[in-house]
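Notes for the one structure printed next.
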Amino acid sequence: MDLGSRALGAVGDRRAVSALITDRLHRVVVLGAHCDDIAIGAGATLLQLCRANPGVRVLAVVLTGAGTVREAEERAALAACCPGAELEVRIGDLPDGALPAHWAEVRDRVRAAADTCPDADLVLTPQSADAHQDHRLLAEMTGHAFRNHLVWGYEIAKYESDLPAVNCYVEAPARIVDEKVALLQRHYPSQHGRDWFDAESFTALLRLRGVQSKYAHAEAFMITKQRVRFTGGGDD
Ligand SMILES: [Zn+2]
């Protein structure tokens with residue numbers, strides 16, 4: 001069964017109608033333009049995904065930051081985000097803020113990730129309407145390279161008012177909210193001077209998405225395309 005059309009199974013509780021989950025995850029690809037993007041956009045999801053799927057293989061590709069203080073921060077943060085996972089981290093040396101001028105290299109690195117993980121169950125990448133040119137290009141290249149895959153676009157709050165009308169919510173229990181926020185603050189000291197990099201902003205977005213999903217807190221994603229195939233009826 002290819003993964004873009006994997007069958008979905010319903011959670012066996014009273015919320016089954018709104019809480020569809022996939023089968024067990026074996027292979028996940030996470031993509032970020034900059035060190036900290038993945039942890040900010042999908043940290044709570046990765047923490048839970050990895051614990052729910054012990055030994056899941058995670059390939060994390062970050063396009064910028066290699067050879068700087070940010071690389072060490074990112075490697076430690078991603079290791080913390082992926083407990084129990086078999087994690088591979090690739091950090092590139094492309095210039096922060098100028099990825100569109102290096103689009104072919106971005107394309108090649110995303111393609112390389114797809115070549116490494118043709119069987120990825122889930123791909124996490126920036127949401128495609130992100131106002132940051134680096135994020136947006138990465139989202140576009142992800143769509144080109146992972147054509148038969150389930151791709152979730154994560155969101156990052158910023159000065160530009162680009163938060164999307166998301167359509168996928170992952171519950172973040174209180175302990176996960178605390179763990180994500182602590183992880184971000186602990187592992188990215190180089191970002192502490194930024195006016196948006198604080199517990200309040202991270203928690204606020206999780207709470208807002210919780211309001212919209214009837215969870216206390218949630219991390220949210222944009223799914224631009226989802227294919228569904230029902231199996232088990234005797235015809236597959
Ligand atoms: Zn970024």
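Since the structure is predicted, the reported quantities are computational estimates derived from the model, not experimental observations.
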Linked, directly or transitively: Trp103 and Leu94 (ILVMFWY side chains, under 4.5 Å): yes
All pairs passing salt bridge (Lys or Arg N to Asp or Glu O under 4.0 Å) where residues 135-149 contributes a residue, at least two apart: none
4.5 Å side-chain heavy-atom contact, Gln226 and Ile223: yes
Any donor-acceptor N/O pair, Asp121 side chain to Arg27 backbone, under 3.5 Å: yes
ILVMFWY cluster membership beyond Met222 - transitive side-chain contacts under 4.5 angstrom: Val166, Tyr169
Cys50: partners by side chain to side chain contact (heavy atoms under 4.5 Å, CB included), with sequence neighbours left out: Val56, Val58, Cys82, Pro83, Ala85
Stepwise side-chain contact (heavy atoms from CB on, under 4.5 Å) test for Lys180 and Leu183: CA-CA 5 Å; Lys180 172 180 175 176; Leu183 185 158; 5.6 Å; no
Rounded distance [0.5 Å steps], CG in Leu31 versus CE in Met141: 12.5 Å
Inter-residue atom distance Ser128.OG - Leu137.CG, 0.5 Å rounding: 12.5 Å
Aromatic plane relationship, Phe197 with Tyr188 - under 30° parallel, 30 to 60° tilted, over 60° perpendicular: perpendicular
Any Val30 side-chain heavy atom under 4.5 Å of Val28 side chain: yes
Salt bridge (Lys or Arg N to Asp or Glu O under 4.0 Å) partners of residues 199-209, not counting sequence neighbours, each pair once: Glu155-Arg209
Under 3.5 Å donor-acceptor, Glu219 side chain and Ala172 backbone: no
Salt bridge (Lys or Arg N to Asp or Glu O under 4.0 Å) partners of Asp134, counting only residues at least two apart: none
Smallest separation among heavy atoms of Ala139 and Pro126, with atom names: CB-O, 3.2 Å
Minimum side-chain heavy-atom gap His26-Arg24 below 4.5 Å: yes
Closest contact, heavy atoms only, Ile91 versus Gly65: CG2-C, 4.0 Å
Pair listing, ring pair (Phe, Tyr, Trp, His ring centres under 6.0 Å) test, anchored in residues 124-147, at least two apart: His34-His132, His34-His135, His132-His135, Phe146-His149
Short side-chain to backbone donor-acceptor contact, Gln127 and Ala129, under 3.5 Å: yes
Ile38 with Leu124, same ILVMFWY side-chain cluster at under 4.5 Å: yes
Single-linkage hydrophobic cluster, 4.5 Å side-chain cutoff, Leu46 and Val123 together: no
Considering all heavy atoms, the nearest Val62-Glu74 contact: CG2-OE2, 3.4 Å
Criterion side-chain contact (heavy atoms from CB on, under 4.5 Å) on Leu87 and Leu78, from CA distance to verdict: CA-CA 8 Å; Leu87 174 66; Leu78 290 174; 4.2 Å; yes
Backbone of Ile156 reached by a side-chain donor or acceptor of Lys158 within 3.5 Å: yes
Pairs meeting criterion side-chain hydrogen bond (donor to acceptor under 3.5 Å, both in side chains) with involvement of residues 48-63, two or more places apart: Arg51-Glu179
Ser190 backbone acceptor or donor facing Glu73 side chain under 3.5 Å: yes
Nearest heavy-atom neighbours spanning Gly32 and Leu138: C-CD2, 3.4 Å
Between CG on residue Leu63 and CZ on residue Arg90, distance to nearest 0.5 Å: 11.5 Å
Under 3.5 Å donor-acceptor, Thr116 side chain and Ala112 backbone: yes
Set of side chain to side chain contact (heavy atoms under 4.5 Å, CB included) partners for Thr68, sequence neighbours left out: Arg70
Which atom of Thr142 lies closest to which atom of Val110, heavy atoms considered: CA-CG1, 3.9 Å
Within residues 59-68 or reaching into it, pairs that qualify as salt bridge (Lys or Arg N to Asp or Glu O under 4.0 Å) - sequence neighbours excluded: none
Test item: Asn167 and Phe221 side chains (from C-beta on) under 4.5 Å apart, heavy atoms: no
Shortest non-hydrogen contact between Ala113 and Val29, atoms and distance: CB-CG1, 4.4 Å
pair Val170-Trp152: side-chain heavy atoms closer than 4.5 Å: yes
Sequence neighbours excluded, every pair satisfying salt bridge (Lys or Arg N to Asp or Glu O under 4.0 Å) that has a member inside residues 102-113: Asp93-Arg109
Between Glu171 and Ser213, a side-chain donor and acceptor under 3.5 Å: no
4.5 Å side-chain heavy-atom contact, Ile40 and Tyr154: no
Asp96 side, atom CG; Leu99 side, atom CG - distance, nearest 0.5 Å: 7.5 Å
For Thr203, all residues meeting side chain to side chain contact (heavy atoms under 4.5 Å, CB included), sequence neighbours excluded: Val177, Val181, His217
Hydrophobic cluster of Leu205, others only, ordered by chain and residue number, side-chain cut-off 4.5 Å: Leu163, Leu208
